[in-house]
Amino acid sequence: MTSLLLMSDNINWLSELKAHLPNIFIQHYPEITKANEIEFALVWNPKKGVLAKLPNLKVIFSIGAGVDHILRDESIPKEIPIIRMSDPFQYKMVAEYALLTVLYVHRNIETISKNNNKKVWTEQTAAYTPEYTVGVLGLGNIGSVIVDKMQSIGFSVLGWSRSKKNLDGVETFSGFRELETMLPRCDYLICALPLTQETKGIINKASLSLMKKDSTLINIGRGEHIEEEALLSYIDKVPLKKVFLDVFPKEPLEKSHSFWNHPKIFVTPHMAGEVLPKSAVFAVKKGIDRFQNGEPLENIYDRKKGY
Ligand code: NDP
């Protein structure tokens, strides 16, 4: 019988996989009983060397839109396709997070919260939203939902991607030169990029120094998108108003890390978009069905592009 190897601590996957893939035997790592039968693997941060030892592995499904957690294991044969998780519910969650962080600043919640503690009532002057610009780096599955969300609130939206996009009501940019013209215009800059050789360290001295005074940076891509030293030195030089960081090169973020204590930095524990088995199981099922029916797989990680 065809097997799927689950490598995840989230045991909710087990019941969902069993319910939706009744013809597939689920083996839950580390208990591999029939290695020869494993054709599919559904993994988060797989233990190095395990996947390479499965003789009949055909497809790897990533429990995450990013696949960097899989690529760390260089022993995995390059010809085995890796499928990036494509779960519309997760995209919505990430867009909600983006909206939450933007509105936190836009509606001055930090001040209101401090005032609450002191029982102070201070009338607020509302900002006229269309005069504020949200810039989104990455216009893929997630970036495009963020764009929609921001437009629905009335923000002016700019978007940056590798290939030029044509999106209704969005001024789009591509390539690093055009990024330089986009950055100074953003009141809110949201990084929703995948981690690649090109995007690593994209938030660096040069890009930070182009950012608008009093703007807000939100990183939901990967921690490595940010050059930490540059951020810490430019946060007050630009100056930035607020920085929300959801992802870090090393998670959990160490207690000694200076991000925790910085008054302008709001750390969240990689929570922007969780992959919930309840909804993501359908993406896995679709991928397996397509493979078994001989149809082309979707959302394959492209090794040349790096995402
Ligand atoms: P997609 O592959 O669908 O989209 C990636 C986007 O980034 C595309 O628009 C692509 O351009 C653009 N891009 C890639 N390289 C470059 C480049 N060099 N210059 C400019 N643009 C570039 O990915 P997703 O939207 O599904 O996910 C994006 C990332 O979000 C994930 O890789 C992951 O790191 C992160 N993520 C974080 C979560 C969290 O909880 N914090 C949850 C889920 C995802 P083009 O359109 O031209 O190809």
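Residues take their numbers from the sequence shown, with the count starting at 1. We count ligands from 1, going down the list as the structure has it; atoms in each ligand are counted the same way. Model, not experiment: these values are computed from the prediction.
When only non-hydrogen protein atoms are considered, atom 5 (C) of ligand 1 lies nearest to P194 CD, 3.6 Å. For atom 48 (O) of ligand 1, the closest heavy atom belonging to the protein is Y307 OH, 2.5 Å. Residue, atom and distance of the protein heavy atom nearest to atom 23 (O) of ligand 1 are R84 NH1, 3.6 Å. In terms of protein heavy-atom proximity, atom 27 (O) of ligand 1 is nearest to I142 CD1, 3.6 Å. The protein heavy-atom contact nearest to atom 13 (N) of ligand 1 is L193 CD2, 3.7 Å. Ranking the protein heavy atoms by distance from atom 3 (O) of ligand 1 puts N141 N, 2.9 Å first. The protein heavy-atom contact nearest to atom 9 (O) of ligand 1 is L139 N, 2.9 Å.
Surrounding NZ of K164 are more than 12 heavy atoms belonging to other residues, nucleotides or ligands, all under 6.0 Å away. K285 NZ: 12 or fewer foreign heavy atoms inside a 6.0 Å radius. Taking a 6.0 Å sphere around CG of D168, one finds it holds 12 or fewer heavy atoms contributed by other residues, nucleotides or ligands. N293 CG: more than 12 foreign heavy atoms inside a 6.0 Å radius. Open room surrounds CZ on F89; 12 or fewer heavy atoms of other groups in view lie less than 6.0 Å from it. K165 NZ: more than 12 foreign heavy atoms inside a 6.0 Å radius.
Aromatic ring orientation, F291 versus F40: perpendicular (interplanar angle above 60°, classes split at 30° and 60°). Relative orientation of the Y132 and Y188 rings is tilted, given thresholds of 30° and 60° on the angle between their planes.
Atom numbering of ligand 1 starts at 1 in the shown order; those under 4.0 Å from a heavy atom of G273 are 39 (C), 40 (O), 42 (C). Residue T199 has at least one heavy-atom neighbour below 4.0 Å for each of these atoms of ligand 1: 15 (N), 16 (C), 17 (C), 18 (N). When each atom of ligand 1 is checked for a heavy atom of A272 under 4.0 Å away, the hits are 39 (C), 40 (O), 41 (N). With ligand atoms numbered from 1 in the order given, ligand 1 contributes 35 (C), 36 (N), 37 (C), 38 (C), 39 (C), 41 (N) to contacts under 4.0 Å with heavy atoms of I220. Residue contact check: A192 has heavy atoms under 4.0 Å from atoms 28 (C) of ligand 1. When each atom of ligand 1 is checked for a heavy atom of K165 under 4.0 Å away, the hits are 45 (P), 46 (O), 47 (O). Close approach to H270 involves these atoms of ligand 1, each under 4.0 Å from a residue heavy atom: 39 (C), 40 (O), 41 (N). Every atom of ligand 1 with a heavy atom of Q90 under 4.0 Å away is listed here by number and element: 42 (C), 43 (C).
When only interatomic distances are considered, the shortest N/O to N/O separation between K305 and ligand 1 does not fall below 3.5 Å. Checked against a 3.5 angstrom limit, the closest N/O atoms of V247 and ligand 1 fall outside it. On a distance-only criterion, R162 and ligand 1 share at least one N/O pair closer than 3.5 Å. Backbone and side-chain nitrogen or oxygen atoms of E198 are examined, and one is located within less than 3.5 angstrom of a nitrogen or oxygen of ligand 1. Residue G138 has no nitrogen or oxygen atom sitting less than 3.5 Å from a nitrogen or oxygen atom of ligand 1, judged on distance alone.
Under 4.0 angstrom from ligand 1, the non-hydrogen atoms of D246 all belong to its side chain. By the criterion of a heavy-atom distance under 4.0 Å, neither the backbone nor the side chain of S174 is placed next to ligand 1.
Aromatic ring centres of H106 and F155: separated by under 6.0 Å. In this structure, W44 has its ring center no closer than 6.0 Å to that of F61. A ring-centre distance under 6.0 Å is not found for F244 and Y97.
Among G140, G66, G306, S163, the residue whose heavy atom lies closest to atom 8 (C) of ligand 1 is G140. Comparing heavy-atom distances from atom 20 (C) of ligand 1 across W160, F176, F173 singles out W160 as nearest.
Among all heavy-atom pairs drawn from N45 and H69, the shortest one is N-ND1, 2.8 Å.
Side-chain contact, K213 with S215: no donor N or O sits under 3.5 Å from an acceptor N or O. Between the side chains of Y307 and R162, at least one donor N or O lies within less than 3.5 Å of an accepting N or O.
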